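What you are looking at is a predicted structure, and each value in this text was computed from that prediction instead of being measured. Within every chain, numbering begins at 1; the chains are lettered A, B, ... in the order of the sequence lines, protein sequences first and strands thereafter. Only heavy atoms go into these numbers, but all of them, side chains included; no hydrogens, no water, no symmetry mates.
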Amino acid sequence: MTRLSAYLLPTEKQAPADAEAVSHKLMVRAGLIRQLGAGLWTYLPAGWRVHRKVEQIIREELDAIGAQELLMPVLNPADPWRRSGRIEIDEIFKLEDRKGTEMVLAMTHEEIVTTHVAQVVRSYRDLPQILYQIQVKERDEPRPRAGVLRTREFIMKDSYSFDRDEAGLEESYAKHIAAYDRIFERTGLEWYRVESDVGMMGGSGAHEYMAPCAAGEDEVALAPGYAANVEVASADPQAVELPAPLPEPEEVHTPGLTTVEDVARRLGVPQGAVLKAYPVIAEGRGLVLVMVRGDHRVNEVKLRNALGAQCRPATPDEFAQKIGPAGFIGPVGANAPVVLDDAVADGGYVTGANRPDFHLRGVEPGRDFPFERADVRAVEPGDTVGGEPVRIEKAIEVGNIFKLGTRYSSAIGAHYLDESGRQQLIVMGCYGIGPARIVAAAVEQYADEAGIAWPRALAPFDVELVVISRGESEERTFADGLYEQLKATGLDVLYDDRDAGPGEKFADAELLGAPLRVTVGRRTLAGGELEVQIRRGRERRTLPLDGAAEAVKALWETLP
RNA sequence: CGGGGCGUGGCGCAGCCUGGCAGCGCGCCUGCUUUGGGAGCAGGAGGUCCCGGGUUCGAAUCCCGGCGCCCCGACCA
């Protein structure tokens, strides 16, 4: 029974003043969600329908790879979190029960699921297993933002694989890739599977599923056959015209010129012929001088991975003694190991001279300073991969898959006995999907000036039936009948039977974004034709009244 | 955590500087008219002006303290 006259769908003409992202504005305006507090959102009935459609797609595809759904508590004893060490994470909500026992609100469930598996799995015969849940997660986010894109409480599909060995993990991982590819394909989103950083948790591999959209928090580097988070992206640099090295470095006076741009302009060389110095303090290693082309930027995630250690920019005090004065530092004579970016080709470079107001020109890496090579720069638009230019797009992470290895099984103590009776650690993977982000990304990707234009798979309703008539009338009677017939075809129909004018009904229908709108008015009965609007593109068509419900269903099935 | 902004009816806002009746548009309710792109007329309801303290004859407005929310950056296991 979905008659709009009796359905809670509070639409607004004006977006809340504090909304910035398109999905935030439209989801509130369309009556899908309401805010309770920072990063806390209620799904109203129509919004929850969309969320459940996403969940259902996820369930079907995970069940298809043999994953088993379960449900674990959000409220956790602190102990497993202490064992894994993750109790230290600032984002975890912590609380005490009335007896003073420390508890946490789970932000994900590696510790808990591993605890259960450790108790239950004894033998290699009990493996592999894939378990998943669709459950609330709690994170004390430093900055919730953009409606449901980054919230403190959210629903997540999290699955966990348990295998005997690395080869088993590879299989479970491959199954998840297959399931995820199908899930995202079915949602109707534009999406990419990209290589991603494994982070400080170690792990042997990770991918993210990214949906391009303006409100996205990440950036992805894309080229035909290539997709990677810019945090790990690698590409061939654009060429730069380099002067030849001089027989030996030559000092040039560059008073007050501390930026690559200024130095390059003064010396009449391209910015790429200057070497930019980026001193860092690497954990366990001390001061390291990172050198990249002047027209490039250091990518801190790639640098961290290259150094195999956390690092942070060094302060002028920290490098003044061993290298030189801020603004004029360079690798020649520096008392620190030099990491030279892969994009630095052979040639003569301008570098800081390690004394105030001077640079060196004609510097040749290797001859004039020792270095180790690494790929530590951020990919730029126009770089190439396999000869194809790279473009960079904003995107929101809608899913991730991660080879955990034994990080949690060793912390929690999850073992099994192998064929020869030896105790082995279970090898794990974890795999997340954020249904709310899928919803928001779909809004972002397909919205137009009139509102939301859902992909067929996610729309809260398949068809919105609008009757233009107030009170009892021939049109109303006809529309009532058509509503029943449409429902009988299996379509989810929202029937706008409100006592409202046509403009208001059309505007609300387009705001809510069902893929099809069917209009019944005086014209319909007079002309003998039913008017249908395809929401995406707002194209109008007519269908014969005879067999209209089946024709609507058939048209709906052709939509994206 | 650093920077910026905002809290006044359901939504959007004005009023604050320079203290003196709490206002506007939309929405909502009633009646009549209207009925294919957010209608017209008439009448009406709805407010702890974020909270607490202070100054003052008098505070939405000035002062002090707190809370909440948004945006940019940092962070995001």
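- Here the side chain of Glu504(A) is nearest to one of G37(B), C69(B), G38(B), namely G38(B).
- Using the Watson-Crick or G-U wobble rule with both distances under 3.5 Å, A60(B) pairs with nothing in any strand shown.
- To the nearest angstrom, P of G37(B) lies 19 Å from CG of Leu511(A).
- No donor-acceptor pair closer than 3.5 Å links the side chain of Arg139(A) to the backbone N or O of Glu91(A).
- Note on Gly85(A): nothing from the nucleic acid sits closer than 4.0 angstrom, heavy atoms only.
- Within 4.0 Å (heavy atoms only), Thr108(A) reaches no atom of the nucleic acid at all.
- The base-pairing partner of G37(B), taking Watson-Crick or G-U wobble contacts with both distances under 3.5 Å, does not exist among the strands shown.
- Look at the P atom in both C21(B) and G15(B): the space between them is 16 Å, to the nearest Å.
- Contact annotation for Glu510(A): base contact, defined as any heavy-atom pair under 4.0 Å involving a base atom.
- Between Lys403(A) and Glu166(A) there is no salt bridge, since no side-chain nitrogen of the basic residue lies less than 4.0 Å from a carboxylate oxygen of the acidic one.
- Across all strands shown, G19(B) remains unpaired; no Watson-Crick or G-U wobble contact has both distances below 3.5 Å.
- At a threshold of 4.0 angstrom between heavy atoms, the contacts of Ala38(A) are confined to the sugar-phosphate backbone, with no base atom among them.
- Among the heavy atoms of the strands, none lies under 4.0 Å from Ala500(A).
- Nearest nucleotide to the side chain of Thr524(A), out of C71(B), A77(B), G36(B): G36(B).
- Going from the P atom of C32(B) to that of A14(B) covers 39 Å, rounded to whole Å.
- In this pair, Tyr173(A) and His207(A) present their aromatic rings tilted. The plane angle is within the 30 to 60° band.
- As rounded to the nearest Å, G23(B) and G44(B) have P atoms that lie 14 Å from one another.
- Within the shown strands, G7(B) is the pairing partner of C67(B) under the Watson-Crick or G-U definition, both distances less than 3.5 Å.
- Comparing the same atom, C1', in C16(B) and in U8(B) gives a spacing of 11 Å after rounding to whole Å.
- Within the nucleic acid shown, Gln35(A) comes within 4.0 Å of sugar-phosphate atoms alone, with no base atom in reach, counting heavy atoms only.
- In this structure, Asp499(A) places its CG atom 14 Å from C1' of G31(B), rounding to the nearest Å.
- Contact annotation for Ala146(A): backbone-only contact, meaning every heavy-atom pair under 4.0 Å involves sugar-phosphate atoms and none involves a base.
- In this structure, a donor-acceptor pair under 3.5 Å is absent between the side chains of Lys25(A) and Ser23(A).
- Looking at Leu516(A) and Glu464(A), their side chains never come closer than 4.5 Å, going by heavy atoms from C-beta outward.
- At a threshold of 4.0 angstrom between heavy atoms, the contacts of Pro10(A) with the nucleic acid are absent.
- If you take atom C1' in C64(B) and the same atom in G73(B), they sit 30 Å apart, rounded to whole Å.
- At a cut-off of 3.5 angstrom, the base of G37(B) holds at least one donor-acceptor pair with the side chain of Arg517(A).
- The residues Arg152(A) and Glu138(A) are annotated as not salt-bridged, no charged nitrogen and carboxylate oxygen being separated by less than 4.0 angstrom.
- When both pairing distances are held under 3.5 Å, U55(B) makes no Watson-Crick or G-U pair with any nucleotide shown.
- Each of G25(B), G37(B), A77(B) was ranked by its minimum atom distance to the side chain of Gln14(A); first place goes to G25(B).
- As judged by a 4.0 angstrom heavy-atom cut-off over every strand, Arg34(A) is placed among residues making no nucleic acid contact.
- One finds the OH atom of Tyr192(A) at 14.5 Å from the OH atom of Tyr209(A) (value rounded to the nearest 0.5 Å).
- Look at the P atom in both C69(B) and G12(B): the space between them is 16 Å, to the nearest Å.
- With A77(B), G12(B), G37(B) as the choices, the nucleotide that has an atom nearest any side-chain atom of Phe506(A) turns out to be G37(B).
- Looking at the side chain of Arg540(A), the nearest of the listed nucleotides C71(B), C13(B), G36(B) is G36(B).
- Figure legend. C1(B) is base-paired to G73(B); pairs are counted as Watson-Crick or G-U wobble with both atom distances under 3.5 Å.
- Contact annotation for Gly501(A): no contact, since no heavy-atom pair falls under 4.0 Å across all strands.
- Of all nucleotides listed (G37(B), G38(B), C11(B)), G38(B) comes nearest to the side chain of Lys13(A).
- Going from atom CD of Glu20(A) over to atom C1' of C6(B) covers 13 Å, rounded to whole Å.
- When both pairing distances are held under 3.5 Å, U48(B) makes no Watson-Crick or G-U pair with any nucleotide shown.
- G7(B) and C13(B) have their C1' atoms separated by 13 Å, given to the nearest Å.
- For the C1' atoms, the distance linking G66(B) with C29(B) amounts to 39 Å, nearest Å.
- At a threshold of 4.0 angstrom between heavy atoms, the contacts of Asp90(A) with the nucleic acid are absent.
- In this model, the phosphate group of C71(B) is approached by a side-chain N or O of Arg143(A) to a distance below 4.0 Å at OP1 or OP2.
- Using a 4.0 Å heavy-atom distance criterion, Thr11(A) is classed as making no nucleic acid contact.
- For Arg498(A) and Tyr7(A), the side-chain atoms include no donor-acceptor pair closer than 3.5 Å.
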